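Being a predicted model, the structure only gives us computed values, none of them experimental. Every chain is numbered from 1, with letters handed out A, B, ... down the list of sequences.
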Number of protein chains: 2
Amino acid sequence: MITIDYTDRRPLYEQIADKLAKLMLSGVFPPNEKLPSVRSLATELSVNPNTISRAYSELEREGYIYSVVGRGSFVSGTDAIIDGEKAKLTEQIQEEIKKAVSLGILREELEKILDEEYKEG
Amino acid sequence: MITIDYTDRRPLYEQIADKLAKLMLSGVFPPNEKLPSVRSLATELSVNPNTISRAYSELEREGYIYSVVGRGSFVSGTDAIIDGEKAKLTEQIQEEIKKAVSLGILREELEKILDEEYKEG
DNA sequence: TAAGTGTATTAAGTTACTTAATACACTTAT
DNA sequence: ATAAGTGTATTAAGTAACTTAATACACTTA
């Protein structure tokens with residue numbers, strides 16, 4: 001479900017939180033769905049439970065999930081926020097692509113990046 | 001000339017290299033201009049000379065500057081600087097596209113932006 | 001009651017970054 | 001020639017964030 005990329009410079013908890021967020025946004029974990037328990041996900045990823053706990057804390061702080069002692073962690077509905085972020089990010093990307101064009105970066109270069117990032121991962 | 005932002009999560013050498021790069025691109029340091037010496041900039045920023053040395057090494061690796069023992073460090077020609085800037089912008093775009101993917105933005109949306117910006121004319 | 005849940009604490013280990021103190025070979029100015 | 005200034009390299013030590021490890025607690029569920 002999640003694979004850890006050890007070439008990634010970011011801390012594990014951040015990387016795991018990001019991938020979980022992506023899974024939630026892609027619908028693998030719909031709103032109110034129960035996430036894997038801290039201990040089970042730690043075992044699955046061969047990582048310390050504290051690391052998962054921190055990843056979940058970050059996700060909770062960002063509004064993606066909510067956790068209840070004794071019950072588990074659950075996906076919260078964040079669709080409105082996400083739509084806003086999408087629009088903002090899209091504008092940002094367009095600005096950077098404008099800079100790329102003026103610097104003479106070829107479209108093929110950017111297509112190559114799209115191939116990488118939209119590969120599955 | 002340069003101020004250090006201690007809320008920035010990146011390492012000092014990277015932050016300093018970035019700001020120097022921007023100064024070069026904005027023309028504050030024209031091609032072939034002599035940069036501050038490792039020791040003087042270290043003193044000015046209250047930072048260890050090794051940290052400046054590493055920042056300069058990064059800039060040299062990226063083609064922004066060239067260094068000569070006994071003489072100093074100098075801004076490279078415009079072409080080299082632009083190459084460095086291209087590399088940096090490409091990295092930035094890749095980061096944003098990563099975010100786009102995790103937000104569920106479809107590839108087609110980004111292709112549409114590319115169509116707009118790379119339209120001939 | 002037993003097992004599973006999130007959360008908290010303390011300790012130890014790891015890694016990258018940073019500082020510090022030197023040293024070297026070289027260039028420039030005196 | 002001498003002194004000062006240059007980039008670069010090395011070794012050591014310190015710092016901070018991250019990670020692992022071992023427990024413990026309060027709670028919920030089967």
Side-chain angles (χ1 to χ4, degrees), chain A residues 1-21 24 29 31-76, chain B residues 1-21 24 29 31-76 80 91:
Chain A
M1 179 193 319
I2 289 184
T3 56
I4 291 177
D5 175 13
Y6 287 100
T7 69
D8 195 322
R9 199 164 74 151
R10 296 173 305 164
L12 287 179
Y13 73 86
E14 191 175 320
Q15 192 181 149
I16 293 168
D18 265 16
K19 299 210 171 174
L20 283 172
M24 290 185 277
F29 291 117
N32 298 316
E33 174 114 336
K34 188 174 180 303
L35 290 165
S37 75
V38 167
R39 291 172 181 79
S40 67
L41 186 54
T43 301
E44 182 185 336
L45 299 183
S46 300
V47 142
N48 194 274
N50 292 334
T51 303
I52 302 299
S53 179
R54 179 152 187 193
Y56 279 13
S57 295
E58 292 296 318
L59 288 171
E60 190 166 19
R61 188 180 56 79
E62 295 164 8
Y64 281 90
I65 70 174
Y66 60 94
S67 298
V68 186
V69 176
R71 297 199 59 236
S73 300
F74 305 86
V75 181
S76 54
Chain B
M1 180 192 318
I2 289 184
T3 56
I4 291 177
D5 174 14
Y6 286 100
T7 69
D8 195 323
R9 202 165 69 151
R10 296 173 303 164
L12 286 179
Y13 73 87
E14 190 176 321
Q15 193 181 149
I16 293 168
D18 262 17
K19 298 210 171 175
L20 284 172
M24 290 185 275
F29 290 119
N32 298 315
E33 173 117 335
K34 189 174 181 300
L35 290 165
S37 75
V38 167
R39 290 172 181 79
S40 67
L41 186 54
T43 301
E44 182 184 337
L45 299 183
S46 300
V47 144
N48 195 273
N50 292 334
T51 303
I52 302 298
S53 179
R54 179 154 188 193
Y56 279 12
S57 295
E58 293 296 317
L59 288 171
E60 189 166 21
R61 186 179 58 78
E62 296 165 9
Y64 282 88
I65 70 175
Y66 60 95
S67 298
V68 186
V69 175
R71 298 199 58 237
S73 300
F74 305 87
V75 180
S76 302
E91 274 186 35

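One interatomic measurement links the two molecules: NZ of Lys34(A) to C1' of dA30(D), which rounds to 13 Å at whole-angstrom precision. The CG atom of Asn48(B) sits 15 Å away from the P atom of dA9(D) (whole-angstrom rounding). One can place CG of Leu45(B) at 15 Å from C1' of dT19(C), the figure rounded to the nearest angstrom. The interatomic distance linking Tyr6(A) (OH) with dT15(C) (C1') rounds to 14 Å, in whole Å. We find that CZ of Arg61(B) is positioned 18 Å from C1' of dG7(D), with the value rounded to whole Å. Rounded to an integer number of Å, the gap from CD1 of Ile52(B) to C1' of dT6(D) is 15 Å. Atom-to-atom, CZ of Arg54(A) to P of dA17(D) comes out at 9 Å; the value is rounded to the nearest Å. In this structure, CD of Glu58(B) is placed 16 Å from P of dG7(D), rounded to the nearest angstrom.
A salt bridge links Arg9(A) with Glu14(B): the distance from a Lys NZ or Arg NE/NH1/NH2 to an Asp or Glu carboxylate oxygen falls below 4.0 Å.
Considering only side-chain atoms of Arg9(A), the nucleotide from dC17(C), dT8(D), dT19(C) that sits closest is dC17(C). Among the nucleotides dT19(C), dT20(D), dT5(C), the one closest to any side-chain atom of Val47(A) is dT20(D). Nearest to the side chain of Ser37(A), among dT5(C), dT8(D), dT20(D), sits dT5(C).
With contacts defined as side-chain heavy-atom distances shorter than 4.5 Å, the pair Thr51(A)/Tyr13(A) qualifies. Side-chain contact between Asn48(B) and Leu12(B) is absent, with no heavy atoms from C-beta onward closer than 4.5 Å. Looking at heavy atoms from C-beta onward, Lys19(B) lies in side-chain contact with Thr3(B) at the 4.5 angstrom threshold. Annotation: side chain of Arg54(B) is not in contact with side chain of Ile16(B) (no heavy-atom distance under 4.5 Å). Side-chain contact between Val75(B) and Lys34(B) is absent, with no heavy-atom pair separated by less than 4.5 Å.
The two residues Leu41(B) and Pro36(B) have their closest heavy-atom pair at CB-CB, 4.1 Å.
Backbone-only contact: Glu60(A) has heavy atoms under 4.0 Å from sugar-phosphate atoms and none from a base. No contact: Gln15(A) has no heavy atom under 4.0 Å from any strand.
The 5' end of DNA chain D is approached more closely, in terms of each residue's nearest nucleotide, by Leu35(B) than by the other of Arg10(A) and Leu35(B).
The phosphate of dG6(C) has OP1 or OP2 within less than 4.0 Å of a side-chain N or O from Ser73(A). For Tyr13(A), a side-chain nitrogen or oxygen approaches OP1 or OP2 of dC18(D) to under 4.0 Å. For Thr51(A), a side-chain nitrogen or oxygen approaches OP1 or OP2 of dT20(D) to under 4.0 Å.
In summary, the side chains of Ser40(A) and Thr43(A) do not present any donor paired with an acceptor at a separation below 3.5 Å, with no hydrogens or angles considered.
Across all strands shown, dC25(D) pairs with dG6(C); the Watson-Crick or G-U wobble distances both stay below 3.5 Å. When both distances must be under 3.5 Å, the Watson-Crick or G-U wobble mate of dA1(D) is dT30(C). In this structure, dC18(D) forms a base pair with dG13(C), meeting either the Watson-Crick or the G-U wobble geometry with both donor-acceptor distances under 3.5 Å.
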When you compare the protein's N or O atoms with those of nucleotides 22-29 of chain C, which come within less than 3.5 Å of each other, and at what distance?
residue: dT27(C); atom: O4'; partner: Gly70(B); partner atom: O; Å: 3.4
residue: dT28(C); atom: OP1; partner: Arg71(B); partner atom: NE; Å: 3.0

